[in-house]
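A short worksheet on the structure shown next.
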Amino acid sequence: MIVVMQPKATPEQVRHVMDRVEEMGLAPHVIQGTERTVVACVGDERLKSAERLAVAPGVEKVIPVLARYKIASREARPEPTVIPLGTGSVGADRVALIAGPCAVEDRASLLEIAAAVREAGAVGLRGGAFKPRTDPYAFQGLAEQGLEFLAEAREATGLAIVTEVVAPEHVPLVARYADVLQVGTRNMQNFALLAAVGGAAKPVLLKRGMSATLEEFLLAAEYVLACGNKQVILCERGIRTFERATRFTFSVAAIPALKHMTHLPVIADPSHATGRADLVEPVSRAAVAAGADGLLLEVHPDPENALVDGAQSITPEAFGRLVASCRKVAEAVGRSL
Ligand code: PEP
Ligand code: MN
């Protein structure tokens with residue numbers, strides 16, 4: 001980190017800062033400018049408290065140099081993390097498709113959707129058995145029965161199961177059935193849940209909090225990584241802005257920005273980001289063009305009668321068309337799909 005002293009800082013104040021930096025186990029190097037003095041601190045600063053230096057007399061500001069998300073950062077691991085997923089993977093050249101209903105509704109429709117998305121090229125089947133609903137009276141999911149249906153769909157198709165876990169005490173149950181544990185936008189900073197999935201032996205799909213900065217997003221991923229689970233997939237799913245024409249605002253720039261900051265795979269969820277079935281395909285193309293390692297998509301054979309999120313669900317036929325058009329984009333940017 002770099003400590004910038006105030007213009008009128010005294011030599012005693014600079015000395016005091018150097019002593020504090022040494023106490024922290026870092027080496028201070030003083031740079032005397034014409035206007036002011038800065039103290040460059042060499043060593044691993046991340047576990048030290050920059051705040052304590054910021055309040056020392058004569059200090060104007062403290063500028064961290066290293067990312068606080070130590071394990072998640074690109075500095076820590078320049079090569080991309082690749083996470084196996086069913087018959088494919090996320091983070092390698094091939095763009096991974098994870099598709100399925102918002103919620104598991106019943107056995108027959110789930111098996112129908114699973115077969116259709118598998119046929120079109122998906123490697124993962126999504127579907128919530130535990131639904132984190134804003135409205136307490138809305139459908140909350142089929143719970144363990146939904147997990148059983150998902151496991152049956154995996155048996156039938158070979159698709160990896162991606163499903164949400166909403167409470168730390170549910171992690172052992174969901175991990176028994178799922179291949180990937182999803183943590184939803186409303187739980188991105190549920191630190192007890194992050195620690196619980198961090199201790200699980202299954203990859204985690206972490207969705208960006210709808211009001212989270214990218215740094216907060218990566219610090220949430222860091223919780224999981226620091227608990228020992230190194231398999232985290234990040235998902236941009238739209239953030240809340242003043243715009244009302246779409247359900248959320250899809251941040252296409254978040255994809256290359258995250259890939260610059262971290263080695264973790266980054267996927268996109270155009271369904272929740274837009275809330276509109278007609279926008280899912282063009283936004284999927286944009287996500288692939290921007291470097292997304294995968295897409296998470298809501299597919300339902302009868303969107304009009306879907307129990308949850310029908311407005312943003314595309315039919316299996318529309319999913320097939322989306323795959324064909326995204327494949328062209330993937331090839332144009334040197335990937336496959
Ligand atoms: C979901 O993918 O099922 C979901 C609830 O999404 P989000 O957490 O992004 O709202
Ligand atoms: Mn949904």
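As the structure lists them, so they are numbered: ligands from 1, and atoms in each ligand from 1.
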Would you call Glu105 and His300 a side-chain contact if the rule is heavy atoms closer than 4.5 Å? yes
Specify side chain, backbone, both or neither for Lys131, according to which of its non-hydrogen atoms lie closer than 4.0 Å to ligand 1. side chain
Within a distance under 4.0 Å of any heavy atom of Gly184, pick out the atoms of ligand 1 and give their elements. 8 (O)
What protein heavy atom is closest to atom 8 (O) of ligand 1, reported as residue, atom name and distance in Å? Thr185 N, 2.8 Å
In the protein, what heavy atom is nearest to atom 5 (C) of ligand 1, and what distance, to one decimal place, separates them? Glu164 OE1, 3.6 Å
Could you measure the distance from the CE atom of Met18 to the OG1 atom of Thr37? Nearest 0.5 Å is fine. 10.5 Å
Return yes when atom CD of Glu304 has more than 12 non-hydrogen atoms of other residues, nucleotides or ligands closer than 6.0 Å, and no otherwise. no
Quick check for you: within a radius under 2.8 Å, how many protein N, O or S atoms neighbour the Mn ion (ligand 2)? 4
Side-chain donor or acceptor of His263 paired with backbone N/O of Val82 under 3.5 Å: no
Reference residue Leu296; test side chain to side chain contact (heavy atoms under 4.5 Å, CB included); the match among Glu236, Lys207, His272: Lys207
From Ile161 atom CD1 to Lys202 atom NZ, the distance as rounded to the nearest 0.5 Å: 10.5 Å
The protein heavy atom nearest to atom 9 (O) of ligand 1 is Arg237 NE, 2.6 Å
Taking Asp309 first and then Arg247, would you say they form a salt bridge - that is, a charged N and a carboxylate O separated by under 4.0 Å? yes
Measuring from the heavy atoms of Met210, does anything fall under 4.0 Å of ligand 1? no
Spacing of OG belonging to Ser271 relative to CD1 belonging to Ile314, to within rounding of 0.5 Å: 6.5 Å
Closest to atom 6 (O) of ligand 1 among protein heavy atoms sits Lys207 NZ, 2.9 Å
If the threshold is 4.0 Å, N to carboxylate O, is there a salt bridge linking Glu298 and Arg126? yes
With rounding to the nearest 0.5 angstrom, report the CG to CG distance, Leu337 to Leu97. 4.5 Å
Starting from atom 4 (C) of ligand 1, which protein heavy atom do you reach first, and at what distance in Å? His272 NE2, 3.5 Å
Joint cluster assignment, Val166 & Val232, ILVMFWY side-chain distance < 4.5 Å: yes
Do me a favour and list the nearest non-hydrogen protein atom to atom 3 (O) of ligand 1 with residue, atom name and distance? Arg126 NH2, 2.7 Å
Any N or O on Glu298 sitting closer than 3.5 Å to an N or O of ligand 1? no
